Amino acid sequence: MEKQYRVGIVGATGMVGQRFISLLQGHPWFHITALAASARSAGKTYAEAVGSRWAFDWEIPSDVRDMTVLDAQDVESMGKLVDFVFCAVDMKKDEIRALEENYAKHEIPVVSNNSACRGLPDVPMVVPEINADHIEVIATQRQRLGCKRGFIAVKPNCSIQSYVPALTPLMEFEPEKVSVCTYQAISGAGKTFKTWPEMVDNVIPYISGEDEKSEKEPLKLWGKVADGVIVNAVKPVISAQCLRVAASDGHMAAVSVSFAHKPTMEQILEKWNNWETEAQRLNLPSAPKPFLQYFDDPARPQTRLDRDFQNGFGVSIGRLRPDVLFDYKFVCLSHNTVRGAAGGGILTAELLCRKGYIEPQA
């Protein structure tokens, strides 16, 4: 019988927190035992705290609807109720880092959706299908924080989780230059069309900090563990532009890439069609099988049709063709709040549990 884990969600009232709650319904390992949010929500039932901000078409799940929300800063109370927490809070970066490190120092593992700790070399930023080995640096992080059981692991920015999975199987051909433009859904900003009517029939060509994250974070994913920390890769050089578009969910990326050792199109397709991942080998409950799908239809993938591939955990690719400036170009699509946010966090937590970094305490 698989181990069972008590799970807390810090930042439970926000959109990603709501997605965590929805995705954890019926999970074979994880069971929600605590919810936390800002002090203004503390003491209310979850339904009262969320109110009209519930973002989905389905009802608030009955197992959390009447659960009393705790103050996210009340780490000791949370620690009595959980084996680990997911964190998706809306705070300043220095405040988020302090909060997450406080949880870790209180021996509560944190799987974070936030960006505050992504740049730290002893904090693994994980996509289990890409860099599962990076969790080794947790030992170094625990030494720094002075804890035995606690730690912080993070997932990368949602913008990169469409195109980085497509590039990773091609790393043996040594991609040198990548140009990418992402077309990002409004849920990435924590919004719906009801709460952000200005986005209807609109495109905004700027998302604060997104270009920089899209250019830098892949290099950490492709980095190597050396002397207990992650050393970022130096190639490929990535140029990114990130646009907000009028889609509810789903981030699309248009990618052009040049290689040091140019593969054939047949070699690229073979890599995409036959890529086996560590998440699959470990039989993690949320691992998509397959992780990648390629469309021969030049009109696919489409956001509305294909974002839910593999329950939103898979990545779709299409339109592979030669490029006049680079070697090849193609498009990718992923579900930004499943694969790119809460779902990616859940899959990372499954990896950490399978590898023994998180153990049940009850």
Side-chain angles (χ1 to χ4, degrees), residues 4-91 95-96 99-100 102-103 108 110-114 155 158 185-197 199 248-249 285-286 307-308 311-313 335-347 349 362:
Q4 302 296 298
Y5 299 83
R6 303 172 303 156
V7 175
I9 301 172
V10 182
T13 58
M15 179 172 285
V16 175
Q18 294 176 32
R19 180 66 81 172
F20 271 120
I21 288 171
S22 298
L23 291 175
L24 288 170
Q25 298 305 300
H27 194 282
W29 301 356
F30 301 155
H31 309 282
I32 300 171
T33 54
L35 303 174
S38 64
R40 65 179 176 273
S41 295
K44 299 178 181 178
T45 68
Y46 183 70
E48 291 170 339
V50 172
S52 62
R53 292 182 293 118
W54 182 253
F56 304 112
D57 293 335
W58 53 89
E59 296 292 326
I60 297 173
S62 59
D63 62 331
V64 301
R65 182 177 183 83
D66 297 321
M67 190 177 288
T68 300
V69 177
L70 300 177
D71 187 336
Q73 301 289 346
D74 189 355
V75 177
E76 292 187 4
S77 294
M78 286 289 287
K80 296 174 183 177
L81 300 172
V82 303
D83 298 316
F84 72 96
V85 299
F86 294 111
C87 188
V89 294
D90 183 12
M91 301 164 57
E95 296 173 343
I96 293 173
L99 178 69
E100 293 180 344
N102 193 24
Y103 272 87
I108 305 169
V110 177
V111 179
S112 177
N113 187 74
N114 303 300
K155 50 148 286 298
C158 56
I186 63 173
S187 57
K191 305 287 189 179
T192 65
F193 287 117
K194 180 179 178 180
T195 61
W196 200 6
M199 273 307 302
S248 57
D249 294 297
S286 300
R307 62 192 170 202
D308 291 320
N311 296 316
F313 283 86
H335 196 302
N336 57 297
T337 66
V338 181
R339 162 54 62 178
I346 291 170
L347 190 58

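All values derive from a computational prediction rather than experimental measurement.
Two residues are said to be in side-chain contact when any heavy atoms from C-beta on lie closer than 4.5 Å; Y5 and V82 fail this criterion. Using a 4.5 Å cut-off on side-chain heavy atoms (C-beta onward), F56 and S22 make contact. In this structure, L35 and I21 have side chains that are in contact, with non-hydrogen atoms separated by less than 4.5 Å. Side-chain contact between K155 and V111 is absent, with no heavy atoms from C-beta onward closer than 4.5 Å. Inter-residue side-chain proximity for F86 and L24 is flagged as met; some heavy-atom pair is nearer than 4.5 Å. Two residues are said to be in side-chain contact when any heavy atoms from C-beta on lie closer than 4.5 Å; Q25 and I32 meet this criterion. S248 is listed as a side-chain neighbour of R307, based on a closest heavy-atom distance under 4.5 Å. Here the side chains of M15 and T192 are in contact, with some heavy-atom distance below 4.5 Å.
Note on ring orientation: taking the six-membered ring where Trp is involved, the planes of W29 and H27 are perpendicular (angle over 60°, cut-offs 30° and 60°).
For the pair Y46 (side chain) and A12 (backbone), a donor-acceptor distance under 3.5 Å is present. D249 contributes no side-chain N or O that, together with a main-chain N or O of T337, makes up a donor-acceptor pair within less than 3.5 Å. Judged by distance alone, with hydrogens and angles left aside, the side-chain atoms of Q18 form a donor-acceptor pair with the main-chain N or O of T13 at under 3.5 Å. Judged purely by atom type and a 3.5 angstrom limit, R6 uses its side chain to pair as donor or acceptor with the backbone of K80. Q4 places a side-chain N or O within 3.5 Å of a backbone atom of P28 that can act as its donor or acceptor partner. Distance alone, capped at 3.5 Å, is enough to place a donor-acceptor pair between the D71 side chain and the Q73 backbone.
G17 and I9 get closest at one heavy-atom pair: CA-CG2, 4.2 Å. A pairwise comparison of heavy atoms in V69 and A37 identifies CG1-N, 3.7 Å as the closest pair. Between N113 and G340, the closest heavy-atom pair is OD1-O, 4.4 Å. Of all heavy-atom pairs between A342 and F20, the closest is O-CE2, 3.2 Å. Closest approach of W196 and A189 over heavy atoms only: CZ3-CB, 3.9 Å. Between A185 and N336 the shortest heavy-atom distance is CB-OD1, 4.0 Å.
Residue R65 holds its CZ atom at 5.0 Å from CD1 of I60, rounded to the nearest 0.5 Å. The OG atom of S286 sits 9.0 Å away from atom CG of N311, with the distance rounded to the nearest 0.5 Å. Of the inter-residue distances, the one linking C158 atom SG with R339 atom CZ reads 12.5 Å to the nearest 0.5 angstrom. Rounding to the nearest 0.5 Å gives a distance of 12.0 Å between CD of E95 and CD of E100.
Within 6.0 Å of atom CG in N102, more than 12 heavy atoms from other residues, nucleotides or ligands are found, so the atom counts as buried in its surroundings. Residue R40 places its CZ atom among 12 or fewer non-hydrogen atoms of other residues, nucleotides or ligands, all under 6.0 Å distant. By the 6.0 Å contact criterion, CG on D74 is enclosed, its count of non-hydrogen atoms from other residues, nucleotides or ligands being greater than 12.
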Query - Stepwise ring-ring contact (aromatic ring centres under 6.0 Å, His included) test for F84 and F30 - result: CA-CA 10 Å; F84 72 96; F30 301 155; 5.2 Å; yes
